[in-house]
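See below for the structure under consideration.
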Amino acid sequence: MSQKTQDPLNQYRAVIRDLANVAASISRVEETKAAAASERRHELLDGCIQEEQALLLKLRGLEQHRMNYQKDLGWEDLTLNQILDQASPDQKEFLTPLFENLERQLKRLRHARDASEQIIGVRLHELDIIAARQQGSSYNNEGTVRPAATSHARIQNKYV
């Protein structure tokens, strides 16, 4: 392998490793958000969101580097599996565990994000219910808000 090819390849390997690490960090933040929401510790959510935003910026930067290195290596627009199909046996040997780890971390991230969104969605729905009750509204069996009845509609006039 030439030095020109080796350098982008080493940099590419480092970026894939960093992507997996950032995905793992985002997963931990998502898991913390889910735990905070389920325990009704809403004061922790703001810090989680700020940390997540910083990690997402880092992820975007790494993704740009990944795309540039893939282009330099002649793998532009290829999926990870397609890269492994085109890689030399030596490249395949050290890329396979990196790609597997990245895939594992991305699956974890998807699962953590789904759980976090579901729990936060439930908490937001609970807050809607509380707000509706405070306004005198209620929820029907379909889970939609039924506006508060006017005072004369709540009392039936039995004398008319």
Side-chain angles (χ1 to χ4, degrees), residues 7-73 75-84 87 92-151 153-154:
D7 190 46
L9 187 58
N10 283 333
Q11 292 171 330
Y12 181 72
R13 288 169 53 184
V15 165
I16 296 298
R17 197 172 298 119
D18 289 345
L19 281 168
N21 291 336
V22 171
S25 295
I26 296 171
S27 297
R28 282 190 293 276
V29 172
E30 287 293 335
E31 290 161 355
T32 301
K33 277 175 33 183
S38 68
E39 295 167 3
R40 292 181 168 84
R41 298 188 63 206
H42 304 125
E43 70 278 3
L44 300 177
L45 292 176
D46 190 44
C48 290
I49 291 168
Q50 289 177 4
E51 183 178 356
E52 185 178 39
Q53 287 172 340
L55 288 167
L56 289 172
L57 286 173
K58 186 174 183 177
L59 187 70
R60 284 188 196 115
L62 288 169
E63 185 61 14
Q64 287 295 319
H65 289 298
R66 181 197 62 81
M67 291 187 313
N68 290 334
Y69 294 135
Q70 277 188 211
K71 185 177 181 181
D72 292 345
L73 292 164
W75 297 332
E76 187 175 19
D77 299 326
L78 296 182
T79 65
L80 299 181
N81 287 330
Q82 291 170 330
I83 289 171
L84 289 177
K92 192 173 190 173
E93 184 179 332
F94 64 76
L95 287 175
T96 298
L98 291 172
F99 288 176
E100 288 173 351
N101 183 41
L102 179 59
E103 288 287 334
R104 209 174 21 259
Q105 295 306 326
L106 292 174
K107 276 184 185 176
R108 177 183 172 201
L109 176 57
R110 279 189 289 275
H111 183 270
R113 172 156 263 154
D114 289 346
S116 174
E117 287 177 359
Q118 184 178 14
I119 291 168
I120 289 172
V122 167
R123 293 295 171 244
L124 288 172
H125 185 70
E126 288 174 350
L127 291 173
D128 286 344
I129 292 171
I130 291 168
R133 286 183 182 157
Q134 288 175 347
Q135 295 173 355
S137 303
S138 62
Y139 275 80
N140 62 20
N141 290 337
E142 289 82 37
T144 57
V145 176
R146 184 175 47 220
T150 59
S151 59
R154 279 190 253 153

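In what follows, every heavy atom counts, from backbone to side chain, and hydrogens, waters and symmetry copies are set aside.
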Locate the shortest heavy-atom distance separating [X] from [Y]; write the atom from each residue and the value.
X: Ile119; Y: Ser38; answer: CG2-N, 3.6 Å
X: Leu78; Y: Ile83; answer: CB-CG1, 3.8 Å
X: Leu106; Y: Ala23; answer: CD2-CB, 4.1 Å
X: Leu80; Y: Phe99; answer: O-CE1, 3.5 Å
X: Val15; Y: Leu62; answer: CG1-O, 3.4 Å

Rounded distance (nearest 0.5 Å) linking atom [atom1] of [X] with atom [atom2] of [Y]:
X: Leu73; Y: Leu9; atom1: CG; atom2: CG; value: 5.5 Å
X: Leu19; Y: Lys58; atom1: CG; atom2: NZ; value: 10.0 Å
X: Asp77; Y: Met67; atom1: CG; atom2: CE; value: 9.5 Å
X: Gln53; Y: Leu57; atom1: CD; atom2: CG; value: 8.0 Å
X: Ile16; Y: Asn21; atom1: CD1; atom2: CG; value: 11.5 Å
X: Asn68; Y: Glu76; atom1: CG; atom2: CD; value: 9.5 Å

Might you work through the side chain to side chain donor-acceptor pair (under 3.5 Å) test for Arg66 and Gln70, ending with a clear yes or no?
CA-CA 6 Å; Arg66 181 197 62 81; Gln70 277 188 211; 2.4 Å; yes
How far apart are the C-alpha atoms of Lys33 and Glu30, what are their side-chain angles, what is the distance that settles it, and do they pass the salt bridge (Lys or Arg N to Asp or Glu O under 4.0 Å) test?
CA-CA 5 Å; Lys33 277 175 33 183; Glu30 287 293 335; 3.3 Å; yes
Could you walk me through whether Arg108 and Gln105 pass side chain to side chain contact (heavy atoms under 4.5 Å, CB included), step by step?
CA-CA 5 Å; Arg108 177 183 172 201; Gln105 295 306 326; 3.6 Å; yes
Does the pair Glu52/Arg113 count as a salt bridge with the N-to-O cut at 4.0 Å?
yes
Could you go step by step and tell me if Lys107 and Glu103 meet the salt bridge (Lys or Arg N to Asp or Glu O under 4.0 Å) rule?
CA-CA 6 Å; Lys107 276 184 185 176; Glu103 288 287 334; over 6 Å; no
Under 6.0 Å from the NE2 atom of His42, do we count more than 12 heavy atoms belonging to anything else shown?
yes
CD (Glu39) with more than 12 external heavy atoms under 6.0 Å:
yes
Find out whether [X] and [Y] are in side-chain contact, i.e. whether some heavy atom of one side chain is under 4.5 Å from a heavy atom of the other.
X: Arg123; Y: Ile120; value: no
X: Thr32; Y: Leu44; value: no
X: Leu59; Y: Glu63; value: no
X: Asp72; Y: Tyr69; value: yes

Look at the side chain of Ser116 and the backbone N and O of Ala112, then say whether any donor-acceptor pair between them is shorter than 3.5 Å.
no
